[in-house]
Structures are given as structure tokens and as C-alpha cells.
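Model, not experiment: these values are computed from the prediction. Heavy atoms only: backbone and side chains are in, while hydrogens, waters and symmetry mates are out.
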Amino acid sequence: MSKNTSASAGKSLLSKGLSLSFLTLCSRILGLVREMTKAKFLGTSALGDAFGIAFQVPNFCRRLFAENSVSVAFIPTFKKYLVAQEAASGPSVGSDCVPVAEGRAATQEFLNATFTLVTFLTASLVAVGMAFTPLILRVFFPDETAGALGESIVLTRIMFPYLVVISVAALFQGILNGHKLFSPSGFTPILFNAIVIAMTYLLAPRMANPARAMAVGVIAGGLVQAVFQLPFVFRCGWKLAFCSLGKAFSNPGTRTVLRLVGPTVIGMAAYQLNDIVSSALATRAGEGVYSSIQYSLRLQELILGICAVTVSTLILPDLTGFAQKKQWDSFCSMLTLAVKIISLIAIPITFFSLIMKESIITLVFKSGRFDAASIRMTEEVFSFHIAGLLFIAVNRVVAPAFYAQQDTKSPTAAGLINFAVNMLLAFSLSSRFGGAGIALALTVASLVNMIFLFVFLRKNPVINVATVVSSSLLYMLRLVVMSLIASLPVYLLKDRLLSLFAGNGRLISHGIPLCLAALLYGGLGLAMLFVTKDEILLSAGRKLLRRRK
């Protein structure tokens, strides 16, 4: 593909990234409000533990199957159908939203088969899970917490059907993303969080306990996520209907999806086991260690959700299209651009967060039982978590490069290596360094995972991995130098700013210094990017100017 076409793809990525990042930011903020609502109604009581475990069970299945299937298997397969239609009918027929007539019947059969398969498999899993809920929850609750166990069984059975509706919603998202429509799916998490918050406040006085009100909100929110996207699927020209199970399992497209999903389920299971084992180690490392890790990870996920998830969601359909058409120069250009965008976000945020970590944690979490000791404990963990922000973000961007080629084994192998390194380090470091050691283990394992992803990417000889890596590393080095320069005045003025506003509520004593420091840091960083004529900044600036006109 020509340089002009590649540049056009890059501009499209930046344009869509701005809107999707805004939606993701709104979603993450509402997610934080949802957690604040949970803290208000449930706190750290046994009821709060019961709700957390009950929601974790269907959420575990969602992460293992629904999200995995869409990003790894469905979108590349669906995109292959769309590319085949375009090749058969010519580029002048059809658009991003209206499928061409040629080959449309085969695509419709694939969608119907996938819809049937997703609904049948998730409903079956839910039925089995609800029947064996008491046995499943014994893994999390010892005998002496029978009270929490009993309520958790009720809550799990209320929320287990969430797996069905969110899996269908994920399928709808995959269809829309295949057509490069991202905003409807980006808006649905906002609806979910808003509904959970509203239902909790509305139903808590009318139900046996607030946890059940929040559980009903989870089901209602998941249902709305699916229903909201359906009209947009219709507008793309697709009508979803059930078919026989025989047709669903024998359809060539669904068989491809199942073949691609298989290896990644192993990798995702390893990741989830990673989380479970780390949590078990944290509970044995001392009181409050597990909670401090969860608070720290929440902050890290807030940042990752805005940058890494947005970029990885945007690039997968385009990377898949380039791979199907064997346009490897454009493939490498888009992958390099994605890594650079991630670096432009993650590296400056990492430096600023390390300097202002106390104010960030205090502003977000300090209230009630979250006291000065909790802040110090969370700071220690957060320092090591945020140091790995870039590695985790790059991993989430590079993984779609494999999925676009329908290679699910390589990222799975990298994930298993990540799991082994993380477990080895976590076991050896947690006893001596507590939560900080567990966080450091995750950061080192993420770095190792990133290295192996690029090593495995070299298996495809037509992908110029050396160019992608060298260009990205040079850009990262520039950003590190700029971030260090911008960090110096913030570091020198931090204590003076904090003392100037000390003695007031946390919104003033930490919020105002944090905002002023961010303005200073961001202003210096933008100035240096402008002086050095950063390609990404200038491209984004031109796009914003065109929108205003």
C-alpha cells in the first residue's frame, strides 16, 4: 500500500481514537463512581466480600470466553468474510455500514451460526454454574464464613445470567468493530455503570440488602449493553436469527472461530490463575496487602482502559484487513504508529504518577477507613505497578497483530511465559517485600511478555519487526528524556504546592496541587513535542483544527 494510504489509515486511527478515548474516559470515571457506591453501601463487610466474589464468578467466565472470542477469533474471521465480499464485488460497491450483495448470504449464515453458538454455550454454562454454585464458591470461602457463603450463593445465582447477555453484547460489538464502528460499543459501558449506580440507590431500600440491589443492576446493565447496540447492527444490514445446532457447529466460520479460541482460552486461563494465586499470596503477606494491591491495580487499569484498550480495539480491524490483503508495509506502519501512540501516553503518565503518587491516591481513595497507613501501603505497591504501565500497554497493542493473522498460539505462549515468570518472582518476593514484591513481579513479567511477543512476531518473514522495534525504541527514548526534563520542575515544586494548600479537605489540599502540577508538567511536555515537531502531536492538531472548521 502507498504511503498516502498508510498515512490516511494513521489519521483515521487518531481521529477515531480521540472519540473512543473520550467515551472510555467517561466509562472509567463512572466505574470509579460505581466503586464508590459499592463502598458506601457495602464497605469492607462480609456482605461486600460476598458481592465481590459473586460478581467475580460470571466476570471470570466473561473474560475467559466472551471478550477473548470477539477480539481473538470473531473479528478476524468476520473481517475475512467482508474482505471476500469486497474482492468479489469491487471496491465501488458497498460501504463501511452496508454489506455488498455478493457473498452476503454466506456472511449472514456465519453470523446466525455464531449468534446461536454463543447463546447456546453461554446459557448451558450458566445453567451448570447455577446448579453447582455452592461447590464453586467453596473455593473462595472457608467453612467459618458460612454467612458470607450463603449470601454469595444467592448473589451469584442472580448475576450468573449476566454471562449470556454480555456475551451477546460482545458479539454485537464485534460486528460493529468489524465495520469500523466503535462509538456505540464504547458508549455501552457508560450505560452499564450508570444503571448499576441508579439501581443500587433505587432498590437498596426495597430489597433484603443493598448487595442484591446492586446485583439486579448488573443484570439490567448487561441487558441494556446488548439491546443498545442492536439497532446499529441492523443499520449495517445484518439480521440475527437462530439456526439449528447442527448448522451452527458445522459452519466453516464458526469452526474457524472455535479453532482460534481454543489456544487463547489456555492463555487467558493462565492469566486468571495468575490473578488468583497473586491474590492468595497477598492475603498471606499481611493485613491490608490484598486491598492495597486492588486499589493500585484499579488506578493502573483506569489509565490502561483509556489508552491501551482504545488503541487495540481500533487497530484490530485495520490490521486484519492489511493481513488479509497481504499489505504488510501498511500493517507494520499501523503497528508502529499504535506502539508510538501508546508510548506517548504511558511514558509521561508513568513519570508524573511516580512523582505525585501520594496526592493521586489520597485524592481518589482517602475516606473512612482508608487512612494514612493505607495510603503509605498503597503507595509502595503503586510505585511498582505504574512502572510496568508501558509494558502492559504495549502488550495489549501488539497482541492484535497476531490475532489479525489468525495466530492465537504465539500470544498464548507469551502469556504462559508471563505466568511462569510472575509466579516464580511473586513467590520469592512476596514473603520479603509484601505487596511491593508482588507488584514488582507483575511488572517484570510484563516486560518479559513484551519481549517474547516481538520475538514471536518475527516468525512471519514479511513483517519487518526490526524496523517496528527500532523506530519505537527511538521514539520511547525521546519521550523518556522529555519526561525527565518536564518532571524536574514538578519534583522541585511539589512540596511547596502541597504546603500552600495544606490543612483543607483533600479536594483542595491535594486536588489543586495535583491539577497545577499536571498543567505545568503537561505544558512543558507539549512544548517540547511541538518544538521537536512530533509527528503524532502535529497530526492530532491538524485533525482538531479541521473539525473546528
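Once rounded to the nearest 0.5 Å, the distance linking CG of L457 with CG of L335 reads 6.5 Å. A distance of 11.0 Å separates CD1 of I345 from CG of L390, quoted to the nearest 0.5 Å. With rounding to the nearest 0.5 Å, the separation of CD1 in I166 from CG in L223 is 10.0 Å. Annotation: the span from K459 atom NZ to K409 atom NZ amounts to 8.5 Å, rounded to 0.5 Å.
The ring-ring contact (aromatic ring centres under 6.0 Å, His included) test applied to F452 returns F456, not counting sequence neighbours. Looking at residues two or more places apart in sequence or on another chain, you find a side-chain contact (heavy atoms from CB on, under 4.5 Å) between I197 and L30, V33, R34, T37, Y201. By the side-chain contact (heavy atoms from CB on, under 4.5 Å) test, N449 pairs with N395, A414, N418, L453, sequence neighbours left out. Annotation: side-chain contact (heavy atoms from CB on, under 4.5 Å) contacts of L191 (sequence neighbours excluded): F187, V224, F228. Applying the salt bridge (Lys or Arg N to Asp or Glu O under 4.0 Å) criterion to R212, with sequence neighbours excluded, gives E151. With sequence neighbours left out, F454 forms a ring-ring contact (aromatic ring centres under 6.0 Å, His included) with no residue at all. The side chain to side chain donor-acceptor pair (under 3.5 Å) test applied to Q229 returns S185, not counting sequence neighbours. For I29, the side-chain contact (heavy atoms from CB on, under 4.5 Å) criterion is met by L25, not counting sequence neighbours.
For residues 158-178, no pair satisfies salt bridge (Lys or Arg N to Asp or Glu O under 4.0 Å), with sequence neighbours left out. Applying the ring-ring contact (aromatic ring centres under 6.0 Å, His included) test to every pair with at least one member in residues 111-139, sequence neighbours left out, gives these pairs: F115-F242. Applying the ring-ring contact (aromatic ring centres under 6.0 Å, His included) test to residues at least two apart or on different chains, the pairs with a partner in residues 151-171 are F55-Y162, Y162-F192. Residue pairs meeting the side-chain hydrogen bond (donor to acceptor under 3.5 Å, both in side chains) criterion with at least one member in residues 110-122, sequence neighbours excluded: Q108-N112.
The ring of F232 has its center no closer than 6.0 angstrom to the ring center of H179.
For A113 against T254, the heavy-atom pair with the smallest separation is CB-CG2, 3.5 Å.
With contacts defined as side-chain heavy-atom distances shorter than 4.5 Å, the pair L337/I341 qualifies. Residues V165 and I219 are not in side-chain contact: their nearest non-hydrogen atoms beyond the backbone lie 4.5 Å or more apart.
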